[in-house]
Protein chains: 2
Amino acid sequence: MRDGSATREKINQAALELFARKGVAETTTRDIAGGAGIAEGTIYRHYKSKDELVRSLFLSLYSEQGELLAVQIRDESGIKEQIAVMIQLFCRLFDENRPLFTFLLLTQHGQLERVPDGIVTPVGVIREAITCAQAAGQIRKGDPDLLAAMVLGVVVQPAVFSVYGRLKQPYQDFSAELVQAAWGVLGLS
Amino acid sequence: MRDGSATREKINQAALELFARKGVAETTTRDIAGGAGIAEGTIYRHYKSKDELVRSLFLSLYSEQGELLAVQIRDESGIKEQIAVMIQLFCRLFDENRPLFTFLLLTQHGQLERVPDGIVTPVGVIREAITCAQAAGQIRKGDPDLLAAMVLGVVVQPAVFSVYGRLKQPYQDFSAELVQAAWGVLGLS
DNA sequence: GTTATAGGTGAGCGATCAATCACTCTGGAC
DNA sequence: GTCCAGAGTGATTGATCGCTCACCTATAAC
């Protein structure tokens, strides 16, 4: 039997690029098929519906990012280093694969509410690191969900503005300042 | 002549509520007409197209929020107080009109790139306050666009998570912590 | 009273799009 | 050599949706 996984990957790549550039609603299944160089019907050999394609893409990419972060900070013990490492990784990945993050940013609304339990998410990883640091007395008390959301916000909102051309310098130039600000959120110098 | 502004307002309200709840693409002009209690054709007496309705709604609400912030901080001289006042105002408004902010959050992608010059935006107001504070030597140097984006992120990302039920406490409970974190971003104690 | 104008109506049109399905092709199993 | 199943195809379809337009109504100007 021929292996269909290469075709599935072509669909994913084309969909990601188109979703990021035109938006999900504005991208038709014909567009995706055209971009992937396959027939429209083939999409439905791999996904039940367009909606399932979107959700599957979101979940796999979202959890993939979470796992990358988790692996990266595993060997760091201090929260300061963990934050710094995560932000540097994010900056690098954002620069290397802009469509991926644009897609995640613009589909988080509508997908965020149906993230199943047991998935490693970027916020979840940050939250865990913060909880550990609190237990070790490294940072002040406070709702870890809120602290994680704020740290994420410091990193993500500039990325959004960067995507829509409202920052003059490239995003990765700001790496050091983002780390500094994230520390500030947690009350670290 | 009869005045159509009341009808226009009904359209705006119904559209806002539906857009926030179902998303823009998933809301049909039929839905909007039904929600507003008017005929579908009436929408087109007030807006050239659905797209124009979305853009007009976004721009008027976005600049309205910007102007509210601008007025509120006009009499505050220190950046610490300005940040605190802005965040407290945001918390209150967010609580009072959740659909408004949900709508702004989920339409910023796709609308942000076509905000005309000369509009007072929330980021713009924060940016101005930061620039003044830098000139007065109250906070450290750094790209004011980046600093403003980070401050906004600290406030907005928790709001997103709040909307999608990923925070356990009501958003406005976090007002004090948000202020603290925003100060931290700017290097204030 | 006549005319003009703006606001409101809703059946219907044209276009679009997600999804289907009958069919073909390919390559291993036997 | 035959059979089978998974992979791929693309014309077709049914439904939906944005938008129009011929028509109606209410008010204002004269």
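Note on naming: letters A, B, ... go to the chains in the order of the sequence lines (proteins, then strands), and numbering restarts at 1 for each one.
- The backbone N or O of Leu112(B) lies less than 3.5 Å from a partner atom in the side chain of Arg166(A), making a donor-acceptor pair.
- With a 4.5 Å cut-off on side-chain heavy atoms, Gln134(B) and Leu147(B) count as touching.
- Atom P of nucleotide dC17(D) and atom CG of Leu18(B) are separated by 13 Å, given to the nearest angstrom.
- Toward the 5′ end of DNA chain C lies the nearest nucleotide of Glu26(A), the other residue of the pair Gly41(A) and Glu26(A) mapping further downstream.
- Ile43(A) has its CD1 atom 13 Å from the P atom of dG10(D), to the nearest Å.
- Distance from the side chain of Arg45(B) is smallest for dG7(C) among the nucleotides dA18(C), dG8(D), dG7(C).
- Checked against salt bridge (charged side-chain N to carboxylate O under 4.0 Å, His left out), Arg8(B) has no partners two or more places apart in sequence or in another chain.
- Under 4.0 angstrom from either OP1 or OP2 of dG8(D) there lies at least one side-chain N or O belonging to His46(A).
- Side-chain contact between Val125(A) and Glu128(A) is absent, with no heavy-atom pair separated by less than 4.5 Å.
- An end-to-end axis angle of 0° holds for the helix from dG1(C)-dC30(D) to dC30(C)-dG1(D), taken from five base pairs per end and rounded to 10°.
- The NZ atom of Lys50(B) sits 15 Å away from the P atom of dT20(D) (whole-angstrom rounding).
- When the side-chain nitrogen and oxygen atoms of Thr42(B) are compared with OP1 and OP2 of dG7(C), none of them lie within a distance under 4.0 Å.
- With sequence neighbours left out, Asp95(A) forms a side chain to side chain donor-acceptor pair (under 3.5 Å) with Gln172(A).
- Side-chain N or O atoms of Asn12(A) include none that pairs as donor or acceptor with a backbone N or O of Glu9(A) at under 3.5 Å.
- Within the structure, the side-chain hydrogen bond (donor to acceptor under 3.5 Å, both in side chains) test picks out the following pairs touching residues 135-157 of chain B (sequence neighbours left out): Lys168(A)-Asp145(B).
- Every residue two or more places apart in sequence or in another chain that forms a salt bridge (charged side-chain N to carboxylate O under 4.0 Å, His left out) with Glu17(B) is listed here: Arg21(B).
- Nearest nucleotide to the Glu40(B) side chain, out of dC19(D), dG7(C), dA18(C): dC19(D).
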Might you work through the side-chain contact (heavy atoms from CB on, under 4.5 Å) test for Gln108(B) and Tyr62(B), ending with a clear yes or no? CA-CA 9 Å; Gln108(B) 58 170 323; Tyr62(B) 198 57; 5.9 Å; no
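- Within residues 27-39 of chain A, the residues having any heavy atom under 4.0 Å from DNA chain D are, by residue number, Ile38(A), Ala39(A).
- Atom CZ of Arg8(A) is separated from atom C1' of dG8(D) by 15 Å (rounded to the nearest Å).
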